[in-house]
Amino acid sequence: MSDAANLAGLADTLFTLTILAYSLATIAFAAELAFASSAQRKVLVATEGSEFPQARTGFSARAGMVAIGITLLGWVLHGTILLLRGLAAQRIPLGNMFELATAVTFVGVAGFLYLVIRTPRLRGIGLFVTLPVSVGMVLTGLFLYAESGPLVAALRSGWLVVHVTTVSIGFGAFLTSGIVSGLFLVRSRFEEAGGSSAEVSSRVAHRLPNAETLDRAAHRLVVFGFPVFTFAVIAGAVWAESAWGRFWGWDPKETWAFIAWIVYAAYLHARATAGWKGSAAAWINVGGLVVMLFNLLYVNLVSSGLHSYAGIN
Amino acid sequence: MTTRSAAPYLALDDAEEGEPRPASQPGRPPWRARVVRGARGWWRWLTSMPTALMLLFLLALAAVPGSLLPQRPLSQTAVAQYFADNPRLAPVLDRFGLFDVFAAPWFAAIYLLLFLSLIGCLVPRTLGHVRSLRAAPPRAPSRLSRLPRHADLSTDLGAEQALDVAEEELRVARYRVLRKDGAISAEKGLFKETGNIVFHLALLALLISLAVGKLWGYEGSVLVQEGQGFCNTFQQYDTYSAGPLIDGADLSPLCVDLEDFQARYEPDLTPASFTGDITYNRTLGGPDEQATIGINSPLRVDGTRLYLTGRGFAPIFSVRLPDGTELTDLSAPFLPTDSGTMLSEGVLKLPDLGAGRDQLAVEGVFLPTAADVGGGLLTSVDPRPLDPAVAIVVYAGSVGLDSGIPQNVFTLDQGRIGRGQLERVGAANLRPGDSLDLPDGTSITFTGFKEFAALQVSRDPSQLAVLISALAMLAGLLTTLLVRRRRVFVRPGDRVLEIGGLAQGGSAEPAEFARVVTGIRTALAAAWPTDRREH
Ligand code: HEM
């Protein structure tokens, strides 16, 4: 076996290990939430359900710390997958949908870890990051897998690095932001119900960070992701000018990039507009993520356009 | 100051603040007042933030059918296919312009409204901002304890001295400071609004440049075989599209010859590069210049760009008529239907075989590396022309080139076969040198192939303006998202210094206020030496 094949094989093994790590983290995060003691409920009631219990005691707190540790480990493995695939193919590991999806989840987890460093109580959302990321990676592995290999001629350009790296970074930030906004919607309903709603979701909601913290975290990630994504689209247009003969041609991928851009611009506007901030803005953010995912999956796999080389065979 | 203007973008609904509402206007007929009021109301609605948001969403929504339905500018054939598959629905959709969404009047209506909305809010907003850049910060409010951030620092310094210390500290922290009536107002981060306005102005500039490009731009494409060439005139293009304000005389006099075309592949048959060596003249009779163009590397000549957008094979045939006449070097481009194996389809139409003679059409597939899949059926297994072959069906009759109805050069009108205007007279798989003899004594020989390249010439006079606008948007966006606008007020009390703070922006930043307070506290302590404190 050649070196390249060895590296690519190792990357595949790491892919499995990464999923395993995130799954374990998911279990540990779930344990943290499940064993948050009923004493904390009292704390919560005392503060009218508005504050996330800082002092998770005993088993619950330990589970949470373990979960973060495993997530971090998984994230390092996750990055190594990309590194090895890059080395195996001697190019930036962003040449097909498998690699792109892997990079997006990598950035998404990075966004989560960053939030936890800035605001430790956001650890409480860990379950809702590692679970979708694990599931997403399993699906990526099953349906989008592509062997590490050389790039088609159209992709042999310095702009690949600029365009696709920034796309992945922006997309990854949007991914985590969309999740956080979804949790905001759950949490703010719970808070509006006085923190005592009997719904099933409230059992989860009362353990989430408070709505304001979630709202701010989601906003922070979009404030980061939006300019990056804007730049990615501009870079795509510059590349398209030399690759496809025009900088913009309403190719399906371009059209959905345009739609996503508008939705995120609307999110930022909405968050600053009376009557729209809060839930309406959060819904827009969730909608933005749906558009991004649609652009990745539907446009690559179902419709056909100039971006289709990036699909799976 | 209100937190309403704290938007990271323009808070459009702030634009009219302070504008006098027209009361009843004396001396005017009431209907005029009503019209004026109606127009003002409408304008206020149009330039309000929720309206701008709705228009943004509408624009996004309007783009959706443009990606889900086939679009004429992208693929005429896909649209034709859609009409064939949905004969009842398609004409209805067509009436609403849904097969060319981005040129539809209703799409234009949405972005024009958005455009107006933008202008309507930008103008007063820009003027207001210029004013506030020059104006001093507003006076300190009377009760600082009412502000979102608030701190009391005890000090033994006198009021003026304490204010001196605070002022110095705020100036070092790059605040603009106004000291008036025994209090300090300080302000920072006005560039947030500058960035905001730059972003929106750049967006306007972008929209305008796009429109200019659409009006004065053009694009033409042509298939050129090795050894052939073309000049930049609309007549020579297979297809072209041009803005309404450009006419043929405006095209730059570029002429191009394709000398050689090469395709390179990796061992696993991934396409590695396609390049064409060309000779071109910028002007009529100008000197020949050489260049190599390829994927990702067009030729740019004085704002006109030449691209290699595709490639394919053109099989070559020769025909010997029953009377012995030889026609050689007859070829037509066959279009690849599978870029992996370059299996290509096409038709060679031969309308002029002599008076009284049937026209011929050679329809078929070209296989660069042919492999028999059994039963005489050929397929291609490699995109490189290692073992070329054609599988052809020959028709005789009238191909219809003279009927006046425009025809697709790559396909045969199947209706003519159905109506018996064309009759199948032979079929064969041929390798180079092989011939097919027709019943009437005509013989068709497959002699080889040429490669052709799809070339495209484009010009968009506003392309650079679009790029600059886009980059300006990005710069404005970064500024407005990164800069935070804050105000700090300081008022001395009885042995205390009262500090109040306001931050504009989505997430108020307590840390920054705390930094300022800590700075002032340290400075106060430093200004009140310990030896005196011990009294
Ligand atoms: C105006 C032009 C362009 C726009 C708006 C654009 C937009 C996007 C977007 C939104 C993605 C996100 C990934 C996804 O959701 O699938 C993407 C990915 C990608 N783009 Fe572009 N792009 C443009 C031009 C180009 C050009 C010219 C190339 C190469 C010739 C290119 C190559 C890629 C690749 C390789 C990916 C990652 C794989 C994928 O397609 O999913 N893009 N682009």
Side-chain angles (χ1 to χ4, degrees), chain A residues 149-159 212 215-216 219-220 223-224 226-227 230-231 233-234 237-239 241-256 258-263 265-266 268-277 284 291 298-299 303-305 309 313, chain B residues 4 6-13 49-50 52-53 56-57 59-61 63-64 66-68 71 73-74 78 101-102 210 217 219 221 263-264 266-268 270-274 294-298 305 307 309 340 456-458 460 463 466-467 470-471 473-474 477-478 481-482 505-507:
Chain A
L151 290 173
V152 298
L155 295 184
R156 299 189 182 187
S157 158
W159 287 105
E212 199 203 325
D215 182 47
R216 218 183 284 172
H219 180 243
R220 176 171 289 157
V223 160
F224 171 77
F226 186 63
T230 305
F231 178 79
V233 171
I234 296 175
V238 172
W239 190 6
E241 192 269 347
S242 66
W244 300 331
R246 81 290 180 291
F247 63 83
W248 195 274
W250 297 111
D251 175 67
K253 181 77 76 184
E254 292 166 3
T255 305
W256 284 95
F258 167 78
I259 295 172
W261 192 84
I262 297 248
V263 172
L268 290 176
H269 280 80
R271 216 173 153 283
T273 307
W276 285 73
K277 55 178 75 136
I284 298 174
V291 170
Y298 179 85
V299 174
S303 89
S304 72
Y309 47 72
N313 297 320
Chain B
R4 271 209 300 156
Y9 291 81
L10 298 184
L12 297 161
D13 52 354
M49 184 75 154
L53 271 173
L56 269 179
F57 275 123
L59 198 61
L61 206 65
V64 172
S67 88
L68 299 184
Q71 298 291 298
L74 294 182
V101 165
F102 303 105
L210 285 175
E219 185 176 290
S221 39
R264 282 200 310 107
E266 298 292 344
D268 71 349
T270 304
S273 77
F274 304 116
I295 310 277
N296 280 317
S297 63
R305 291 123 49 205
Y307 296 91
T309 57
Q456 177 188 312
V457 170
S458 311
D460 180 340
Q463 190 165 280
V466 170
L467 180 62
L471 292 177
M473 270 172 75
L474 187 60
L477 186 64
L478 282 171
L481 289 179
L482 294 179
S507 42

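Heavy atoms only, all atoms of each residue included: B/T270 and A/P150 are closest at OG1-CG, 3.7 Å. For the residue pair A/A153 and B/A272, the shortest heavy atom distance occurs at CB-O, 3.4 Å. Taking both residues in full, the closest heavy atoms of A/P252 and B/L74 are given as CD-CD1, 4.4 Å, listed atom of the first, atom of the second, then distance. Among all heavy-atom pairs drawn from B/N296 and A/R156, the shortest one is ND2-O, 3.6 Å. Scanning both residues, B/L478 and A/P227, for their nearest heavy atoms gives CD2-CB, 3.6 Å. Taking each heavy atom of B/P298 and A/S242 in turn, the nearest pair found is CD-O, 3.7 Å.
The part of B/L210 that comes within reach of chain A is its side chain, from C-beta onward, which places non-hydrogen atoms under 4.5 angstrom from that chain. With a 4.5 angstrom heavy-atom cutoff, B/Q71 does not touch chain A via any of its atoms. The contact between B/V466 and chain A is made entirely by side chain atoms (from C-beta outward), counting heavy-atom distances below 4.5 Å. At a 4.5 Å heavy-atom cutoff, B/S221 makes no contact with chain A through either its backbone or its side chain. The part of A/W261 that comes within reach of chain B is its side chain, from C-beta onward, which places non-hydrogen atoms under 4.5 angstrom from that chain. Contacts between B/S273 and chain A at a heavy-atom distance below 4.5 Å involve the backbone alone (N, CA, C, O).
When each of B/L61, B/L59, B/T309 is scored by its heavy-atom pairs under 4.5 Å with chain A, the top score falls to B/L59. Ranking A/I284, A/V291, A/D215, A/V263 against chain B, the residue ahead of the rest is A/I284, based on heavy-atom pairs under 4.5 Å. The residue among B/I295, B/L474, B/L482, B/V101 with the most heavy atom pairs within less than 4.5 Å of chain A is B/L474.
Atom CG of residue B/L471 and atom OG1 of residue A/T230 lie 11.5 Å apart, to the nearest 0.5 angstrom. For the atom pair B/S67 OG and A/Y298 OH, the distance stands at 7.0 Å (nearest 0.5 Å). Rounded to the nearest 0.5 angstrom, A/F258 CZ and B/F102 CZ are separated by 7.5 Å.
Using a 4.5 Å heavy-atom threshold, the side chains of B/L467 and A/I234 count as touching. Residues A/W250 and B/P73 form no side-chain contact, since every pair of their non-hydrogen atoms from C-beta on lies 4.5 Å or further apart.
Between the side chain of B/Y307 and the backbone N or O of A/R246 there is no donor-acceptor pair closer than 3.5 Å.
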